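Notes follow once the structure below has been shown.
Just so you know, these numbers use all the heavy atoms, side chains as well, and skip hydrogens, waters and symmetry mates. Being a predicted model, the structure only gives us computed values, none of them experimental.
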Amino acid sequence: MVARRKVAVVGAALSDCGRVDDATPYALHAQAARRTLADAGLDRTLVDGFASAGLGALAPVEVAAYLGLRPTWVDSTSVGGSTWEVMAAHAADAIAAGHARAVLLVYGSTARADVRAGRRTGTLSFGTRGPLQFEVPYGHTLIAKYAMAARRHMIEYGTTIEQLAEVAVQARANAALNPEAMFRTPVTVDEVLTGPMIADPFTKLHCCVRSDGGAAVLLVAEEYVRDCRTSPVWVLGAGECVSHAAMSEWPDFTVSPAAVSGRLAFERAGVRPSEIDVAEIYDAFTYMTLVTLEDLGFCAKGEGGAFVEKGRLRVEGGELPVNTDGGGLSAQHPGMRGLFLLVEAVRQLRGECGERQVRRGDGTLPRLAVASGTGGWFCSSGTVVLGVG
């Protein structure tokens, strides 16, 4: 039996993000990819694996062609926001098995600019076919599904709207330390609660921002690490899970598929949630952060509200810094944000985050990070555990 190779992330970068009115999605893909290869110090000719989703009729064929790549391993998995954690798991497996030597994951979107230019509306529609046909006639929008799940948690466990608002407050506090974040002005719980109602119980600040932007990461086999200009961040373990298509088939609105993907990732990495130094969690809505913290095992089921209200998610003084760049609630959210979680986790582990850099109690850099993405309406989850040393 051939030994499996270790896999490391050696490149991670963002394109221009936030308000980008003069670029196409393809251009943002290319910018993020170029910056990632430059970050790693590797030539694109080494890249023989490519993963992309969400752009073009034949993703990732069109994007690879635009970038001038001819990969012999490809992945176009599309499961919403968790796509990139799932792709990272697939890429790591392919590299470990010898099917690829270097895999580039890349994403770019002009979600904000397209709305401003009238190229699309602000309403995200997944269509009306298949299982969705039984929900769409009743106005069951994407945000309404998350709002319903949040309300169920509030009823089941006594979670308060103030506790959910704390997630937004602490995300903004982290964003205040990030010069690349779209929104950096601190907010209070009262400001979150008194904002415009979007879908009960969510007001505006319970919901992610709409931005433009792209991201990319490069994974390579261990033998190429010595050729890189960066320190390796090792992929220690990953897990994935899909849960339901229709809300009526979701057994429990208070349990996300991260309960499975997280368990698998931690088991395969050989670490416990209590050992994690920093967590990057998909946060299209405040409830996503809270319930994912529970499902990953950072607190018991039903205790997420009490966990977040004590300031634990902050970079400054938090026990478990979460979404250290400000997350989708404040930093950027260009459609599918899963790849941004991986970029931020890598940067934190490499000690590159400046004012928002997380440090352990003894002043050293973090050693372990987890990135957990959620897709659809809690339909899918991908979780990746990363480490250094």
Side-chain angles (χ1 to χ4, degrees), residues 25 53-59 76-86 107 109-156 161 164 195-212 240-261 282-292 295 328-329 333-338 373-382:
L55 182 62
L58 294 173
S76 61
T77 296
S78 183
V79 286
S82 64
T83 290
W84 311 103
E85 283 68 36
V86 173
Y107 174 70
S109 169
T110 51
R112 170 197 160 275
D114 288 347
V115 172
R116 287 178 58 84
R119 292 188 289 265
R120 56 167 287 179
T121 67
T123 301
L124 178 63
S125 172
F126 285 87
T128 59
R129 297 185 178 185
L132 296 179
Q133 66 183 295
F134 302 109
E135 298 178 350
V136 170
Y138 301 97
H140 203 182
T141 61
L142 177 69
I143 186 172
K145 296 179 182 184
Y146 281 98
M148 285 179 62
R151 182 63 73 184
R152 181 70 254 170
H153 200 281
M154 296 169 75
I155 293 170
E156 193 79 17
I161 192 61
L164 287 171
M197 181 61 69
I198 305 299
D200 188 25
F202 293 152
T203 53
K204 181 179 179 179
L205 292 178
H206 283 280
C207 309
C208 65
V209 303
R210 181 188 295 274
S211 77
D212 309 309
E240 56 197 86
C241 178
V242 295
S243 177
H244 55 278
M247 293 288 283
S248 59
E249 296 173 351
W250 189 3
D252 188 340
F253 283 16
T254 70
V255 179
S256 79
V260 176
S261 70
Y282 208 97
D283 62 339
F285 306 101
T286 53
Y287 176 60
M288 297 174 74
T289 302
L290 185 147
V291 75
T292 305
D295 292 335
L329 293 170
H333 197 299
M336 296 189 291
R337 193 174 180 272
T374 302
W377 35 98
F378 286 113
C379 303
S380 66
S381 176

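Smallest separation of non-hydrogen atoms from S381 and P257: CB-C, 3.6 Å. Between C207 and I143 the shortest heavy-atom distance is SG-CD1, 3.5 Å. Counting all heavy atoms, side chain and backbone alike, P201 lies closest to A150 at CG-CB, 4.5 Å. Closest approach of V291 and T254 over heavy atoms only: CG2-O, 3.3 Å. Residues E135 and M247 share a closest heavy-atom pair of OE2-N, 2.6 Å. The nearest pair of heavy atoms linking V242 to S380 is CG1-CB, 4.0 Å.
Under a 3.5 Å cut-off, the side chain of Y107 and the backbone N or O of P334 do form a donor-acceptor pair. A side-chain donor-acceptor contact under 3.5 Å links W377 to the backbone of A245. Judged by distance alone, with hydrogens and angles left aside, the side-chain atoms of D283 form a donor-acceptor pair with the main-chain N or O of G328 at under 3.5 Å. The closest donor-acceptor contact from the side chain of T292 to the backbone of T289 lies at 3.5 Å or more, if one exists at all.
Summarising the geometry, atom CG belonging to D114 is positioned 7.5 Å from atom CG belonging to D212; distances are rounded to the nearest 0.5 Å. Note that OG of S109 and CZ of R210 are 9.0 Å apart. Values are rounded to the nearest 0.5 Å. Rounding to the nearest 0.5 Å places CD of E85 at 12.5 Å from OG1 of T77.
Take L290 and apply the side chain to side chain contact (heavy atoms under 4.5 Å, CB included) test, not counting sequence neighbours, and it matches H153, T159, L164, Y287, E294, V308. S256 meets the side chain to side chain donor-acceptor pair (under 3.5 Å) test with D295; sequence neighbours excluded.
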Criterion ring pair (Phe, Tyr, Trp, His ring centres under 6.0 Å) on H333 and Y282, from CA distance to verdict: CA-CA 10 Å; H333 197 299; Y282 208 97; 5.4 Å; yes

For a side chain to side chain contact (heavy atoms under 4.5 Å, CB included) check, start with the C-alpha distance between I161 and H206, then their side-chain angles and the critical distance, and finish with the verdict. CA-CA 10 Å; I161 192 61; H206 283 280; 3.6 Å; yes

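Between H244 and C379 the shortest side-chain heavy-atom distance falls below 4.5 Å.
A salt bridge (Lys or Arg N to Asp or Glu O under 4.0 Å) check over residues 241-260, counting only residues at least two apart or in different chains, returns nothing.
Aromatic rings from F202 and Y146 are positioned such that their centres are separated by 6.0 Å or more. Checked against the 6.0 Å centroid criterion, the rings of H140 and F134 do not qualify as a close aromatic pair.
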